[in-house]
Amino acid sequence: MEDYLNKLAYCIEKGRLNSQSKIPSNMLGQDGVEELINQLIQLNTPPKIIIEKGLIKGMNEVGNKFRDGKIFIPDVLLSAKAMNYAIELLKKEFPSENMPIKGKVILATVEGDLHSIGKNIVKVILEGNGWKVIDLGVDVSSEKIIVKLKEDEIKAIGLSALLTTTMLNMKKIIIDLRNSGFNLPVAIGGAPVTQKFADEIQADFYSSDPNEFVNFLDKLN
Ligand code: B12
């Protein structure tokens, strides 16, 4: 299993979707994300392990190489594509169908920020645990969230940010929500976010682990 997870991390890093993929050229015909995920599922590997030890491990490697100037934006985009492909494949492993809905949660990446992968992972885990997710996408303003709150019954909001500049927009969203009379819980997350920051901006919850977010939401019911 360890071997498949390492190969999966490598395919995420290289953006290799499946055995038909043309990239990287030295891996022609070899397994890609799709085959490796199927093999891991057949070995009864829990989706949580596939996400943490395969997908996120690969993406962390991408992050390190990007930071060190060893790879560039086009490479990162290929990895991001492979990551979202993997998340789609894993969706069916979470028993969300026929499960009673516990409530609705808005998820959004904040204004100015285009990073979607972390939010998409949170979404799959929430849905797999019975929460219906209203995914507002990336680059989301407080106005857009408020429009949705007015038309639907929402139990909580989860905000994601990956840039030290855009995480400041989380504070703006919380202030705008409170000023508009919405006092529902707001959770925040994303690589640069910390508990200290969450306390500063009076967010109701922070965790780097989406499963902890599920525990928090379950306590609301
Ligand atoms: C992929 C990526 C991109 C892709 C995004 C593609 C996509 N569709 O998402 C692209 C190429 C578009 C991109 C663009 C940019 N990026 Co970028 N990117 C990354 C990279 C390599 C990986 C991010 C990622 O997906 N991580 C994996 C996910 C799973 O992790 P995560 O989001 O943290 O989510 C986990 C937890 O945090 C948590 N979580 C996340 N959200 C939430 C929400 C809640 C409520 C909860 C409870 C939990 C939770 O759950 C997740 C699962 O465990 C990081 C490097 C890194 N180390 O993070 C740089 C990084 C974030 N990017 C960076 C930069 C600078 C940029 C650009 C400015 C580059 C440029 N010069 O144009 C642009 C900005 C564009 C914009 N306006 O947003 C910097 C940020 C530096 C900083 N301190 O602000 C980083 C850190 C790279 C670096 N070392 O320099 N990027």
Side-chain angles (χ1 to χ4, degrees), residues 8-9 12-15 47-88 90 94 105-129 131 133-141 145 154-171 173-174 177 184-195 197-198 201 203-220:
L8 177 60
I12 290 287
E13 195 188 324
K14 298 293 172 191
K48 184 178 180 333
I49 300 290
I50 301 181
I51 290 176
E52 283 171 9
K53 300 203 166 156
L55 310 191
I56 294 182
K57 188 176 169 207
M59 214 57 208
N60 283 342
E61 197 53 36
V62 173
N64 293 340
K65 289 192 172 154
F66 181 61
R67 182 197 58 213
D68 298 342
K70 291 181 181 153
I71 59 169
F72 303 96
I73 296 273
D75 308 299
V76 180
L77 282 172
L78 289 174
S79 304
K81 189 174 168 194
M83 193 77 174
N84 282 326
Y85 187 69
I87 295 168
E88 276 302 311
L90 276 177
F94 289 90
V105 179
I106 285 181
L107 281 186
T109 300
V110 298
E111 196 161 10
D113 200 317
L114 303 176
H115 295 85
S116 62
I117 296 169
K119 170 186 67 62
N120 293 346
I121 290 182
V122 176
K123 179 178 177 181
V124 169
I125 293 177
L126 256 53
E127 289 185 338
N129 283 281
W131 287 91
V133 171
I134 313 289
D135 183 356
L136 295 185
V138 297
D139 190 19
V140 177
S141 63
I145 295 175
I154 305 292
K155 287 258 174 82
I157 299 173
L159 301 175
S160 186
L162 263 290
L163 301 172
T164 43
T165 45
T166 57
M167 66 192 252
L168 303 176
N169 293 336
M170 292 172 152
K171 179 178 180 176
I173 291 175
I174 292 176
L177 287 174
L184 74 173
V186 179
I188 62 170
V193 179
T194 60
Q195 183 62 54
F197 178 70
I201 68 167
D204 300 280
F205 178 76
Y206 158 77
S207 177
S208 58
D209 180 353
N211 295 292
E212 291 299 322
F213 187 26
V214 173
N215 294 338
F216 171 80
L217 290 172
D218 286 350
K219 285 191 202 122
L220 298 177

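Start at 1 and go down the list; that is how both ligands and their atoms are numbered. Scope of the values below: all heavy atoms of this structure, side chains included, with no hydrogens, waters or symmetry mates.
Protein heavy atom at the shortest distance from atom 78 (O) of ligand 1 is Leu114 N, 2.7 Å. With respect to atom 84 (O) of ligand 1, the closest heavy atom belonging to the protein is Thr164 N, 2.9 Å. Among all non-hydrogen protein atoms, the one lying nearest atom 57 (N) of ligand 1 is Gly63 CA, 3.9 Å. Distance from atom 27 (C) of ligand 1 to its nearest protein heavy atom, with residue and atom name: Met59 CG, 3.7 Å. In this structure, the protein non-hydrogen atom closest to atom 39 (N) of ligand 1 is Gly190 N, 3.6 Å. For atom 63 (C) of ligand 1, the nearest non-hydrogen atom of the protein is Leu163 CD2, 3.8 Å.
Not a single N or O atom of Arg67, backbone or side chain, sits closer than 3.5 Å to an N or O atom of ligand 1. Checked by distance only, ligand 1 and Ser116 come closer than 3.5 Å through their nitrogen or oxygen atoms. For ligand 1, the polar-atom distance check finds no N/O of Val122 at less than 3.5 Å from any of the ligand's N/O atoms. Checking only distances, Ala191 does come within under 3.5 Å of ligand 1, N or O to N or O. For ligand 1, the polar-atom distance check against His115 finds a nitrogen or oxygen pair separated by under 3.5 Å. Geometrically, ligand 1 and Lys119 share no nitrogen or oxygen pair separated by less than 3.5 Å. Note: an N/O pair closer than 3.5 Å links Gly112 and ligand 1 by distance alone.
There is a protein heavy atom closer than 4.0 angstrom to atom 44 (C) of ligand 1. The presence of a protein heavy atom under 4.0 Å from atom 67 (C) of ligand 1 is ruled out. Remark: atom 71 (N) of ligand 1 lies closer than 4.0 Å to no protein heavy atom. In this structure, atom 55 (C) of ligand 1 has a protein heavy-atom contact shorter than 4.0 Å. In this structure, atom 86 (C) of ligand 1 has no protein heavy-atom contact shorter than 4.0 Å.
In this comparison of Ser208, Gly118, Gly189, the heavy atom closest to atom 38 (C) of ligand 1 sits on Ser208. Of the listed residues (Leu162, Asp139, Ile56), the one carrying the non-hydrogen atom nearest atom 58 (O) of ligand 1 is Leu162.
Only backbone heavy atoms of Ile188 (N, CA, C or O) come within less than 4.0 Å of ligand 1; its side chain stays farther off.
For ligand 1, the atoms lying closer than 4.0 Å to a non-hydrogen atom of Ser207 are 46 (C), 47 (C), 48 (C).
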